[in-house]
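Written below as structure tokens is the structure these notes are about.
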Amino acid sequence: MTRAPLLLVDGLSVAFPTATPVRDVGFTVGEGETVALVGESGSGKSLVASSLLRLLPAGGRIVGGAVRFEGTDVTRSTEAELTHLRGRRIAMVFQEPATALDPVMTIGRQVAEVIEWHEGASRRAARARAIELLDLVRLPDPSRRVDSYPHELSGGQRQRVMIAMAIACRPKLVVADEPTTALDVTIQAQVLELLDRLRRELSMGVLLISHDLGVVGQWADRVVVLYAGRKLEELPAERLFDGARHPYTRGLLAASPRPSALGADGLLTEIPGQIDGADRLPGCPFSPRCALARPSCDDRMPDLVAVGPEHTVACPVAPRGGIADAVAVGR
Amino acid sequence: MTAPSPSAPAAVAETAARPSRPTMRALRALVGSRPAVAGLVVLGLVALVAILAPFVAPGDPLAMVARPFVRPGVSGAVPLGSDALGRDLFAGVVHGARASLVIGLAATVVGLLVGTLVGATAGYFGGRADLVLVRLIELFQTIPNFVLVVVMVAIVQPTIVTITLAIGIVSWPPVARLVRAEFRALGARDFVLAARAAGCGDLHMMLREILPNALPPVISTASVMVASAILMESALSFLGMGDPNLVSWGAMVGAGRDSLRSAWHVSAVPGLAIVVVVLALNFVGEGLEEAFDPRRTGERR
């Protein structure tokens, strides 16, 4: 714990002209560690991811905080420094492999170009490396497939190509933005397994963005829970299912389709209300939907308090106890 | 990942089908369209005749070789007849094909280059650059094309180069609009973001990632641009503002204007050549448009 982490996000805020969808978010990713960012649609998890490479959508700006990667503050980097960073030190895997690959370029060229671009490799050498990489991500018959176009591959194979592109220059950090959401469940497991194997072999840090708690609990080391742009809880992944404290995290767990999540009426539990507009609240963004909310929750955002090893919660009323109680919270 | 992936057998089956470039598929679709094939054949023949003009019709096409106003099919020496000065109309049409095709193609290249450059810059960078360039495009579009060409050619000497440039300069705005729209749409696509996340620079993104995807509509527009450039050159020559040392179809039509009632064939023969070539180009353009249409080829772009 004495070494500086690979990635340190501290007090990050992202603003658009009409909203501030990410407020004061902080977390770390260590070398060879998988950290998951969890939250529902609109929680700002993808914005946090794109902030790391300064690829925010038009109009978005980082208005506060720092993103330190290997000691440099990315928020202050010049465009030239960013070009050096992107793809080479930090790589990204996108959600939709069908659209994230160029439809009119062979997959081999797409992988090779990253290598040519960053390492100045010759066309021939880059092609050979591309074939190696496609083999590394277990694309069948890589020496022939290297000349395929994206539409000739299945979804899982395309995601393997995306991963090959991402690891082409042996980055220290891979940001995987919902890498398996567009895939079948069986393919999901293979792709996550692949990412995990590469993480170990190349000792990369992985920032896994997901809304699937099952995936997160299985593959991540630590979990950061976001809601409406605020960090509500951070805890070790193995404690996620029985040690989560925040009412929102518990609500999410209770709403996951598992036998224990069924209520007395046999229906899946849901969290009442919706996330819309919660990013404008001065206090805890979850309080309008929280069964345990007190009036004081709306006054100011509760501080993150350490409640266990590597476990912090931003909720003064967070209950203790197992997941069984979470069902009651979700009701 | 010790077990082989279950998708492997399917993948092998897929590889059995021969890999197809998207452009190759479009070409196959093009060959399937009858008007487009007819257009391509006609254009190929015209191009061949133009290239071989000195052999097909030896000698100076402006030389007086027969009696004036010989009707087509009367004399073997001048199969398509002769004009008011006794010049061979066949030789004129053959040599005129050179001027028409060269000016048509070169002006289109100029228009495509300028249009793509302006459109790509505006669409890719957006913001202030976009605002300024769109105003420039609109400025050019408010001026009637042909009038601008006439003015430009009237100011400078009418030579093949100036005429080409003038036509090119009026034909870039539609290309710029098209390319700008494509760049805007494609710039928001995931694969462009992915390329940016991989650290690619602006020029690489524009040339390697976006441009190849933006080309199909530009290519089909290009063939129609050649047609309109040929028409514009013909109109210019018809008005007597063409290159006087150049045989051109438009100039021939213009020369026959005075004798239209007594010897209509003098205008009709080169006029027919213009119609055939322009129609062929339009057929090809339409065929290309259909070939690149994702709804037809079943490909989602």
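Each chain gets a letter, A, B and so on, in the order its sequence line appears, and its residues count up from 1.
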Inset, instruction - Tell me, out of His118(A), Met92(A), Arg88(A), who's got the most heavy-atom pairs with chain B below 4.5 Å. - result: His118(A)

Legend entry - Under 4.5 Å from any heavy atom of chain B - which part of Leu53(A): side chain

Legend entry - Where Glu96(A) and Asp190(B) come nearest, the two heavy atoms and their spacing: CB-OD2, 3.9 Å

Legend entry - Over 12 non-hydrogen atoms of neighbours within 6.0 angstrom of CZ in Arg54(A): yes

Inset, instruction - Please state whether the side chain, the backbone, both or neither of Ile90(A) comes within less than 4.5 Å of a heavy atom of chain B. - result: backbone

Inset, instruction - Give, as side chain, backbone, both or neither, the part of Leu193(B) having an atom under 4.5 angstrom from any heavy atom of chain A. - result: both

Legend entry - Which of Asp196(A), Thr99(A), Asp102(A) touches chain B most, by non-hydrogen pairs under 4.5 Å: Asp102(A)

Legend entry - Residues in residues 194-206 of chain B that sit under 4.5 Å from chain A, counting heavy atoms only: Ala194(B), Arg196(B), Ala197(B), Ala198(B), Gly199(B), Cys200(B), Gly201(B), His204(B)

Legend entry - Glu286(B), CD: over 12 other non-hydrogen atoms inside 6.0 angstrom: no

Inset, instruction - Please list, chain by chain and in numerical order, all residues satisfying ring-ring contact (aromatic ring centres under 6.0 Å, His included) with Phe140(B), sequence neighbours excluded. - result: Trp172(B)

Legend entry - Residues from residues 107-114 of chain A approaching chain B under 4.5 Å (heavy atoms): Arg109(A), Glu113(A), Val114(A)

Legend entry - Pairs where residues 172-193 of chain A contributes a residue and the test ring-ring contact (aromatic ring centres under 6.0 Å, His included) is met, not counting sequence neighbours: none

